[in-house]
Structures are given as structure tokens and as C-alpha cells.
Amino acid sequence: MDELAARRSPIHRLHPAAKLLTTIAYILITLSFDKYDLSGIVPMVLWPVLMFQISGVEVRTCFYKLRIVLPLVMAVGLFNPFFDRDILFHIGSLGVSGGVVSMITLMLKGVFCLMASFLLMATTKIDSLCAALRKLHVPAILVSLLQLTYRYVGVMTEELAVMTEAYHLRAPGQKGIHISAWGSFLGQLLLRSMDRAQELYSSMLLRGYHDHFHYADIDRFSIKDALYMAGCILFFLVLRYADIAQLVGGLFVR
Amino acid sequence: MIEFQHVSFAYEKNKDVLHDMSFRIGKGESVGLIGANGAGKSTIMKLLLGLLEGEGKVLIDGTEVKKETLGEIRAKLGFVLQNSDNQMFMPTVYEDMIFGPLNYGLSREVVDKRVDEVLSRLHLEDLKHRYNHKISGGEKRMGAIATILAMEPAAILMDEPTSALDPYNRRIVINTIRELEQTKLIASHDLDMILDTCDRVILISGGRIAADGPAAEILSDRELLEANRMELPLSMNVHPYTSGA
């Protein structure tokens, strides 16, 4: 993620606070759609698609990085078709129930929100993001917590990779980790990552760290940033209140 | 500069790791700390840095190491960890190098100048914007030393600075250590490196000082070393094939 965030593009160059606030606005507006408003929510994909194009971040990288979280998000609403069986409309002779529509809407909401969050992280360094949060008067302790968590996840992932490799070297031909080893595996992972995190924290303390980071120098919030933010939010509002899908459909169907 | 006065320490009750230990290291001295595994070398380092608290007094430049003085003490000491992965926690070498100096309140301009000076001194200019997870073990070790030098500490403590390095990188690290003007305390099992970089050696055994004196003298004493679960450094060993015996 750090490497993606270090790339150069018009989106990368924007003020982190502008990107952060725009992303929050996108998420809030996306979540505000009614659970049956499938045709309304679909055009919300336009913004992430546009951002992927301008920032040069590959869509496949997004889905690859989110491969663990995506199934969980997709699972939200999985049971809706069983509880909400009222038929909303027909496609040919096939009746589509409210449960199916709300399930797809919920899935799309989750996926779009994840894509927006990924785009924010892929175009903004964590230090810059934290600096922006401080500028927005988010308490220092919360921002430090965010930054330490971000680093801890990295440490945990490294330890997980080492342990998985060690496991597979002694369990050739086995796919994944056998369920009988899960308990001790997770316990060891936690202990090892905590030991390493403690060591890292000592290293930080020895270099003068005390409760807060010295955040990256970020440029002043410029007119360009304000225009980006205002333009994006206006775009979201248009997508929210003008039924784009119906307008486009109206061009082809009377 | 560094002083231990009757220091004792135990991780568990009645099991002293260090027992009534006293020594003094003068300004500019380069001292090797040697001993078998579990002898207490890392514990000494941690006591000096205030990461552990024992009985007795630990003094740095006349200031006692205690909770209230930790900020002052740690600004004077640089610690190179055995595992560089734990030292290089920021995304790039540059970001790691500025972390300490910024915490001590230096301005970005001063810090940037200092970073460039240190990198140029260690011939590591190419490393500046490299990602820590993409550099080799040797480069990471050199990067870790650079992060400490950027803080301009009065004394440098090193825990196994040459472990897991190939001969080429090991030689680079040794040459770098030799060029450092600061007071140095180096804990290691690499006795050849200690011989190359230190004038004085403190041999720890069973939580006590078994020997303290000139490096060449202690590191050539086969009986003393073997009695303390160590061997003569290879450079001190006359090999039967090369000696013509």
C-alpha cells in the first residue's frame, strides 16, 4: 500500500484532507440508498472507476488486496432472499423478490465503500492521512492508535507469512492449515507478533517517541483541493437524487 | 561516560542474571561485551537504555538512569538492535532516519541535512528512498546504523551487529564501526569483529565480570575463553594447514 501511495498522479497530489472528506461523503451517500434502490446505487460505481483511471491504480490490485474482506462483505444480506419473498418485478417470466434486490444492493454498497476506502489508502500515505486527521482536530491519541494499528497489521502479516511457510515445509502436499493446528497456530501468531510489536515499540521509545508521531509535512489546502472536493460531492448528490439509470434507460426504451 | 555501580538484576525472584556488577566505560572508548548465550549481555544493554530496572546505579554521563531521566538518557544513546527488521519500522530508509531526530524536536531542514550527511558518510545515498521491505539484510543493517547515526548520539550500543551478514557486508559493517568516533559498546559472539573494532573487552559469565582488559589480551587467552564457553577468534587461531605444522 505504501508503494501505491508513493506513486504520482493528480489524485496522489491532492490534499489528504480533501481525499479523506470526499471518501467519507461518498461512503455516507452510498449507504443512504434505500435497500431496494438497486438502479439508483449502480451508477455510484462511476466515481471509483473514474478515480482508478486518473490515479493509475489497477482495479485488479484493489480486488487482490481486498480478497479476504470482500467475501465477508458479500456475505452481508445473504439471507435476505429467504426472509423477504415478496416479488418486486419480473424479468420475463422470472419473479425477482425484494430479498434478492436488497441482497444485491447491500453487496454493492459494501463493495463500493471498500473500493473507496482502498482508493484513499492507495493514493495517500498513512503519515499524510494521519497529518490530515490531526489538522481536522481528531485527538492525537486516536491518530497514534490508527498509525500503530497500521504498523501492527504489517508485523502480524509478516509473522503469519513466516509461520505459514514453516508449516508448509513440514506439511508437504497439504492445502491450507489443518483445523487441528488452528488453535496453537493462532496462539503462536499472537504471541510472536506481540513480542515483535513490543520490540518495535522499544525501538520507537529509544528514538524519542512519546505518545505521538511527527506527521508528514503536508501542503496547504488549496483552491484546487476545495474544487475537487466540491465537484466530487456535487457529483455524488447528482447520482443520489437524479435517477441516472432511468434517464439512460429512457434514451433506449419508451 | 557509561557507569555500572553494583548493579544486580533478576527476571525471576532469586535468579540473578546480573550480580553486583560494576564497570566504567570512558568517553570515546570502544568496548566489546562478550559471553556465552544467557550470560547477561542483552540485559546490560537494556539496563543502560532504561528498558529494564535493576538494583544499583546505572549512570550515563553522570546522570542516573531512572524514569525521570529517560528522555535525556535516550537522546545520548543510540541502540542498534540485533534484528534490523524491528528497528526499521517505517516504509522507507529516509522516513526511518528522520523519525528519531524529529522526535527530539529538530527542524525538517536540519534533519534532512543530517540524513544526507550520514548517508554520504556511509556511502548509502542509493538507499535513501528505498523501501525497507525491499532491501537486503546487509543493506537493512547499514540502514539501521544510519538511523542511529542520524540522531548523533554520544554513545552507540550494538547488539550482534554482524549476525546473519555475508562476509562482504560484515566487512562493510566492521569498517563503518571502526570509523565511528562515538563511545561504543558492542555485544557479540563474533570475536573476530570484536578484535577488529574494540580496544577493550568485558567478558561476562554467570552474571559477573569474568575478565575486563585489552581486547588482544583477553581474546588471545584460550583457557579463559574456553572456560567461559567460547573459542579463540579465527584470526588468533593458528591453523595446522596454514602454519606448516
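Keep in mind that the numbers below use all heavy atoms, side chains included, and drop hydrogens, waters and symmetry copies. Naming convention: chains lettered A, B, ... in sequence-line order (proteins, then strands); numbering from 1 in each chain.
Separation of the B:Phe99 and B:Phe89 ring centroids falls under the 6.0 Å cut-off.
Taking a cutoff of 4.0 Å between a charged side-chain nitrogen and a carboxylate oxygen, A:Arg196 and B:Asp85 do not qualify as a salt bridge. Ion pairing of B:Glu160 with B:Lys41 is absent here, as no side-chain N (NZ or NE/NH1/NH2) approaches a carboxylate O to less than 4.0 Å.
A:Ile126 does not touch chain B: none of its heavy atoms, backbone or side chain, sits under 4.5 Å away. At a 4.5 Å heavy-atom cutoff, the contact between B:Leu49 and chain A is made by backbone and side-chain atoms alike. Within the 4.5 angstrom heavy-atom criterion, no atom of B:His129 approaches chain A. In this structure, chain A has heavy atoms under 4.5 Å from both the backbone and the side chain of B:Asp96.
Put simply, the side chain of A:Thr123 never gets that close to the backbone of A:Ile11: no donor and acceptor are under 3.5 Å apart.
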